[in-house]
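Comments concern the structure below.
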Amino acid sequence: MQFFKDLNLSAFTAGFVAVLVGFTSSVAIVFQAAQAFNATPEQISSWMWALGLGMGLCSMLPSLWLKQPVMVAWSTPGAAVLATAGLAGGFSMGEAVAAFMVSAALITLFGVTGWFEKVMNRIPMAIAAALLAGVLSRFGIQAFAAAQTALPLVLLMLTIYLLGRRFLPRYAVVLTLVGAIVFVAMRGEMVWSAMTFSLALPVFVAPQFSVAAIVSLALPLFVVTMASQNLPGVAAIRAAGYGPDAPDGGIPVSKIITLTGLATLVLAPFGAFALNLSAITAAICMGPEAHEDPRKRYTAAVCCGAIYVLIGIFGAAVTGLLTAFPTELVVAIAGLALLGTIGSGLAQAVRDESHREAALITFLVTLSGLTIAGIGSAFWGVVAGALALFVQQYRQRPFTD
């Protein structure tokens with residue numbers, strides 16, 4: 001099979017790191033969202049089953065078919081919105097499921113019609129690159145901020161990474177991860193008590209449609225998923241060279257968004273609240289650290305998808321394994337793995353002098369973490385950059401003596 005010929009150790013490691021970062025950084029928010037609707041332990045396990053299978057299959061199958069790295073994740077800001085609105089509104093699990101389905105139907109509509117992709121195609125590349133750099137830079141900052149609580153670990157990881165980049169650049173992230181795991185294991189800092197073996201089983205919940213749930217849950221979930229997840233997800237695709245200008249046509253964004261909407265619609269009764277394009281984990285699997293050949297980076301996405309499927313099937317066991325790693329290790333490996341992508345994004349953002357200030361505004365607003373009306377800084381960064389570009393270039397006349 002061609003996949004196994006294209007796969008190498010760095011691609012597998014990129015897939016594993018993507019899961020480690022994506023899962024451990026936000027799984028607690030997903031649990032909070034489920035608990036906001038008074039979910040039972042069996043229903044929470046079903047949520048992990050549905051989300052794991054949804055993310056895994058939507059990443060793995062298109063990547064194998066297209067031979068391009070397609071990365072799908074759950075909506076972290078969507079989970080945060082649900083956790084807040086669920087507690088405030090006192091909604092039942094049936095009403096929540098109905099809201100998931102309405103949001104999924106809207107996402108599918110925007111994918112089928114191509115409306116979202118048409119809007120993205122009008123955003124200059126400098127703005128998109130700045131958006132991605134702003135989203136990812138927060139992980140870079142967190143990587144070094146982790147030195148405040150785990151200085152020896154962070155210094156060790158940085159040293160291994162720099163030496164790896166100098167002598168074995170293809171395996172720098174691999175060596176850094178292995179060295180960090182050995183270090184924390186020797187110090188007894190792995191939380192193995194979280195490990196339990198059990199299979200996750202799906203629990204069906206019938207939807208209960210209500211106007212209140214649609215207004216308070218479905219519409220906010222749809223808006224934040226599109227603005228805070230799919231928007232930077234498309235930016236990651238374009239910045240990595242898999243956009244519409246790619247020689248083979250790139251990743252078909254509208255079709256993938258349609259796929260995420262349909263998958264959410266099918267899995268919503270089991271707890272899949274929102275599936276969407278990934279930005280952070282996509283950058284890990286689409287970067288040069290995943291594979292030196294851009295045509296073979298799809299293998300990292302396939303590995304990531306396969307691990308997500310295992311999370312869905314084995315539930316608590318894999319959850320325990322991933323959450324056993326110290327927080328500082330997770331944020332440090334994320335930041336180091338994303339250094340190359342952050343650098344190339346910034347370089348792309350400021351290359352064109354006519355777009356430079358608008359791109360920097362986009363970068364800084366996105367990096368700020370600003371949230372207005374429940375919508376994250378990724379959306380407002382694009383808005384601010386687009387307005388700056390409009391003011392600077394609207395009916396601008398060339399200078400003449």
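The first residue of the sequence shown is numbered 1, and numbering continues consecutively from there. In this text the structure is predicted, and so the values were computed from the model without any measurement.
Side-chain contact, S75 with Q229: no donor N or O sits under 3.5 Å from an acceptor N or O.
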*Assess whether side-chain contact (heavy atoms from CB on, under 4.5 Å) is satisfied between Q35 and I44, documenting all intermediate values.*
CA-CA 8 Å; Q35 291 167 352; I44 294 176; 4.0 Å; yes

*Tell me, with the steps shown, if F139 and V21 meet side-chain contact (heavy atoms from CB on, under 4.5 Å).*
CA-CA 10 Å; F139 283 82; V21 171; 3.9 Å; yes

*Let me see the working for N38 and M93 under side-chain contact (heavy atoms from CB on, under 4.5 Å), right down to the final yes or no.*
CA-CA 7 Å; N38 299 313; M93 184 62 75; over 6 Å; no

*Step by step, would you call I181 with L177 a side-chain contact (heavy atoms from CB on, under 4.5 Å)?*
CA-CA 6 Å; I181 292 174; L177 179 61; 4.0 Å; yes

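Between the CG atom of L277 and the CZ atom of F116 there is a distance of 7.5 Å, given to the nearest 0.5 Å. From M286, atom CE reaches atom OG of S278 across 8.0 Å, with rounding to the nearest 0.5 Å. From I141, atom CD1 reaches atom CZ of R138 across 9.0 Å, with rounding to the nearest 0.5 Å. If you take NZ on K67 and CG on D248, they are separated by 12.0 Å, rounding to the nearest 0.5 Å. Distance check, rounded to the nearest 0.5 Å: CD1 of I284 to CG of L136 gives 8.5 Å. How far CD1 of I127 is from CG of L132: 13.0 Å, rounded to the nearest 0.5 Å.
A donor-acceptor pair under 3.5 Å is absent between the side-chain atoms of T264 and the main chain of A274, judged by distance alone. A donor-acceptor contact shorter than 3.5 Å is absent between the side chain of S63 and the backbone of P69. Without hydrogens or angle criteria, N230 side chain to G233 main chain gives no donor-acceptor distance under 3.5 Å. Under a 3.5 Å cut-off, the side chain of T258 and the backbone N or O of V112 do form a donor-acceptor pair. The main-chain N or O of P294 is found under 3.5 Å from a side-chain atom of Y242 such that the two form a donor-acceptor pair. No donor-acceptor pair closer than 3.5 Å links the side chain of T225 to the backbone N or O of F222. Within the 3.5 Å criterion, the main-chain N or O of M71 finds no donor-acceptor partner in the side chain of S59. Of the possible polar contacts, one joining the Q393 side chain to the S354 backbone as a donor-acceptor pair under 3.5 Å is found. A donor-acceptor pair under 3.5 Å links the side-chain atoms of S10 to the main chain of A290, judged by distance alone. At least one donor-acceptor pair closer than 3.5 Å links the side chain of T40 to the backbone N or O of Q43.
The shortest side-chain heavy-atom distance between L339 and L336 falls under the 4.5 Å cut-off. Inter-residue side-chain proximity for L387 and I361 is flagged as unmet; no heavy-atom pair is nearer than 4.5 Å. Taking 4.5 Å as the limit, some side-chain heavy atom of V234 sits within range of a side-chain heavy atom of R238. Side-chain atoms of L158 and F144, non-hydrogen and from C-beta on, do get closer than 4.5 Å to each other. Side-chain contact between I107 and M226 is present, with at least one heavy-atom pair separated by less than 4.5 Å. Taking 4.5 Å as the limit, some side-chain heavy atom of F363 sits within range of a side-chain heavy atom of L346. Taking 4.5 Å as the limit, some side-chain heavy atom of P326 sits within range of a side-chain heavy atom of M190. Looking at Y298 and F3, their side chains come closer than 4.5 Å, going by heavy atoms from C-beta outward.
P269 and V97 make their closest contact through CA-CG1, 3.6 Å (heavy atoms, listed as atom of the first residue, atom of the second, distance). In terms of heavy atoms, Q142 sits closest to V331 at O-CG2, 3.9 Å. Closest non-hydrogen pair, I160 versus G179, comes out as CD1-CA, 4.0 Å. P232 and V135 get closest at one heavy-atom pair: CB-CG2, 4.1 Å. Residues L231 and A227 come closest through the heavy atom pair CB-O, 3.2 Å. Closest heavy-atom contact between M101 and L265: O-CD1, 3.3 Å.
Under a cut-off of 6.0 angstrom, the local environment of CZ in R295 is sparse, with at most 12 non-hydrogen atoms contributed by other residues, nucleotides or ligands. E189 CD: more than 12 foreign heavy atoms inside a 6.0 Å radius. Q2 CD: more than 12 foreign heavy atoms inside a 6.0 Å radius.
Using cut-offs of 30° and 60° on the angle between ring planes, the pair F16 and F325 is perpendicular. F37 and F100 have perpendicular rings, their planes meeting at more than 60° on a 0 to 90° scale where under 30° would count as parallel. Aromatic ring orientation, W74 versus F23: tilted (interplanar angle from 30° to 60°).
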